[in-house]
2 protein chains.
Amino acid sequence: MRELTRAEEEVMQVLWKLKKGFVKEILEHFDEPKPAYNTVSTIVRILQDKGFVSHKAYGRTHEYFPLISKNEYSKMHLSTFVNDYFSNSFEKMVSFFAKEKSISVKEMEEIMKIMEGEVKKQKAK
Amino acid sequence: MRELTRAEEEVMQVLWKLKKGFVKEILEHFDEPKPAYNTVSTIVRILQDKGFVSHKAYGRTHEYFPLISKNEYSKMHLSTFVNDYFSNSFEKMVSFFAKEKSISVKEMEEIMKIMEGEVKKQKAK
DNA sequence: GTTGCATAACTAATTTATTCGTTGTATATT
DNA sequence: AATATACAACGAATAAATTAGTTATGCAAC
């Protein structure tokens, strides 16, 4: 699957938030300075061509919605990143950030708790 | 700081691996089909303008080296990602991938071990 | 039904990124 | 010194992404 360009990603972020929306609605959720209506309209049609969104037609107006969830996309995106920067090892990545103190003690404790639960769940099978 | 474009990133990956290198050497580390010498030369000079690399001159030839480490860049890059996709919470991101089973039990156990060490270290202070 | 408005589709213009040919110069080779 | 070689610098050509104007059509208001 392709990666989103910067402009495409901004539109997707709005669509993920809204779940679905008309061009007008998407536009409203942009920060100032807002792009032109047609700019958003074009991008959303490009996203459609690339298979990231689809639409439901109400007469002549289109309500767009994502075909890929934010979670799916982030999963794909992070996989690429982990592959390119941490030789495909999730562990290397997390360890690096833990050591870099980008993760607080509180966060680490929370993560460990969740992982313990997951490990238990996996092993139970 | 700016993000690297696709072509720029490929050159940086080689430079990070080599630590330093002449255009010719960088070129050698590209997979087939290799780009033209001038293509790499141009990209490396763009990277220099953007402040990602610098060079040492030996007479008329230049040996380029990164000004930003792979770790620094990956840190910056992942921060943006975590901010955009996990409302700036590292914990949310890791938890998501743990639950998605993108992280194996073995990896999780390893991560927990490292985190325990880090937590202990932090608390000792 | 004519006018005005809203919207999608199309297209043009602009900007940014990518690729590589050409040129000039220094150095090595003969 | 003439020729060949290697490289950086420059710049042209192309490609990709971004932005927004223009056009066509349908619908609503009058």
Side-chain angles (χ1 to χ4, degrees), chain A residues 1-15 18 20-68 73 76-77 80 84, chain B residues 1-15 18 20-68 73 76-77 80 84:
Chain A
M1 192 204 312
R2 293 284 301 287
E3 296 270 338
L4 297 166
T5 65
R6 198 185 48 67
E8 286 166 6
E9 186 177 345
E10 279 176 50
V11 170
M12 286 305 287
Q13 289 284 3
V14 175
L15 271 180
L18 299 185
K20 58 189 166 61
F22 299 94
V23 173
K24 205 187 189 182
E25 293 173 327
I26 296 170
L27 183 58
E28 280 163 12
H29 283 78
F30 267 77
D31 291 332
E32 298 294 346
K34 292 187 202 297
Y37 178 98
N38 286 336
T39 302
V40 176
S41 167
T42 300
I43 293 170
V44 96
R45 247 169 312 107
I46 290 170
L47 284 167
Q48 190 168 248
D49 290 345
K50 291 188 178 177
F52 288 107
V53 313
S54 185
H55 75 265
K56 191 178 166 186
Y58 292 94
R60 263 183 60 72
T61 89
H62 296 179
E63 186 176 46
Y64 294 91
F65 56 88
L67 285 180
I68 181 174
Y73 183 74
M76 190 273 282
H77 188 70
T80 305
D84 292 348
Chain B
M1 191 206 310
R2 294 281 303 285
E3 296 270 338
L4 297 167
T5 66
R6 198 186 47 67
E8 286 165 3
E9 187 177 345
E10 278 177 50
V11 170
M12 287 304 289
Q13 288 284 2
V14 175
L15 270 180
L18 300 184
K20 58 189 166 59
F22 299 94
V23 173
K24 205 186 188 181
E25 293 173 327
I26 296 169
L27 182 59
E28 280 163 11
H29 284 76
F30 267 77
D31 292 333
E32 298 293 346
K34 291 188 202 300
Y37 179 97
N38 286 337
T39 302
V40 175
S41 168
T42 300
I43 293 169
V44 97
R45 249 170 310 108
I46 290 169
L47 284 167
Q48 190 169 247
D49 291 345
K50 292 188 177 177
F52 288 106
V53 313
S54 184
H55 76 266
K56 190 179 168 189
Y58 292 93
R60 263 182 59 74
T61 89
H62 296 181
E63 187 176 46
Y64 295 91
F65 55 88
L67 284 181
I68 180 173
Y73 183 74
M76 190 273 282
H77 189 70
T80 305
D84 291 348

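Here is how names work: the chains are called A, B, and so on, in the same order as the sequence lines, proteins then strands, and each is numbered from 1.
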- Task: Return the set of residues passing side chain to side chain contact (heavy atoms under 4.5 Å, CB included) with B/Pro66 (not counting sequence neighbours), or none when no residue passes.
- Result: B/Met12, B/Leu15, B/Trp16

- Note on the structure: Protein-proximity profile, nucleotides 17-30 of chain C, B/S/- by nucleotide at the 4.0 Å heavy-atom cutoff, equals SSBBBB-BBS----

- Could you pull out all residues at least two apart from B/Lys24 that satisfy salt bridge (charged side-chain N to carboxylate O under 4.0 Å, His left out)? none

- B/Glu25 meets the side chain to side chain donor-acceptor pair (under 3.5 Å) criterion, sequence neighbours left out, with none

- Task: Identify the 5'-most and 3'-most nucleotides of DNA chain D with at least one atom closer than 4.0 Å to a non-hydrogen atom of chain B.
- Result: D/dC7 to D/dG11

- Applying salt bridge (charged side-chain N to carboxylate O under 4.0 Å, His left out), name anything that partners B/Glu8, two or more places apart in sequence or on another chain. B/Lys50

Donor-acceptor pairs are to be reported for all side-chain atoms of residues 41-49 of chain A against protein atoms at under 3.5 Å, with residues two or more places apart or in another chain.
{"from": "A/Ser41", "atom 1": "OG", "to": "A/Arg45", "atom 2": "NH2", "distance (Å)": "3.0"}
{"from": "A/Thr42", "atom 1": "OG1", "to": "A/Asn38", "atom 2": "O", "distance (Å)": "2.8"}
{"from": "A/Gln48", "atom 1": "OE1", "to": "A/His55", "atom 2": "ND1", "distance (Å)": "2.5"}

- Rounded to the nearest Å, what distance is computed from the CD atom of residue A/Glu63 to the C1' atom of nucleotide C/dT7? 15 Å

- Message: Keeping B/Tyr64 on the side-chain end and B/Ile26 on the backbone end, is there a donor-acceptor pair under 3.5 Å?
- Response: no

- Item | Residues that A/Glu10 engages under salt bridge (charged side-chain N to carboxylate O under 4.0 Å, His left out), provided they are two or more places apart | A/Arg6

- Message: Just to verify, what does A/Glu63 make a side chain to side chain contact (heavy atoms under 4.5 Å, CB included) with, not counting sequence neighbours?
- Response: A/Lys20, A/Phe22, A/Tyr58

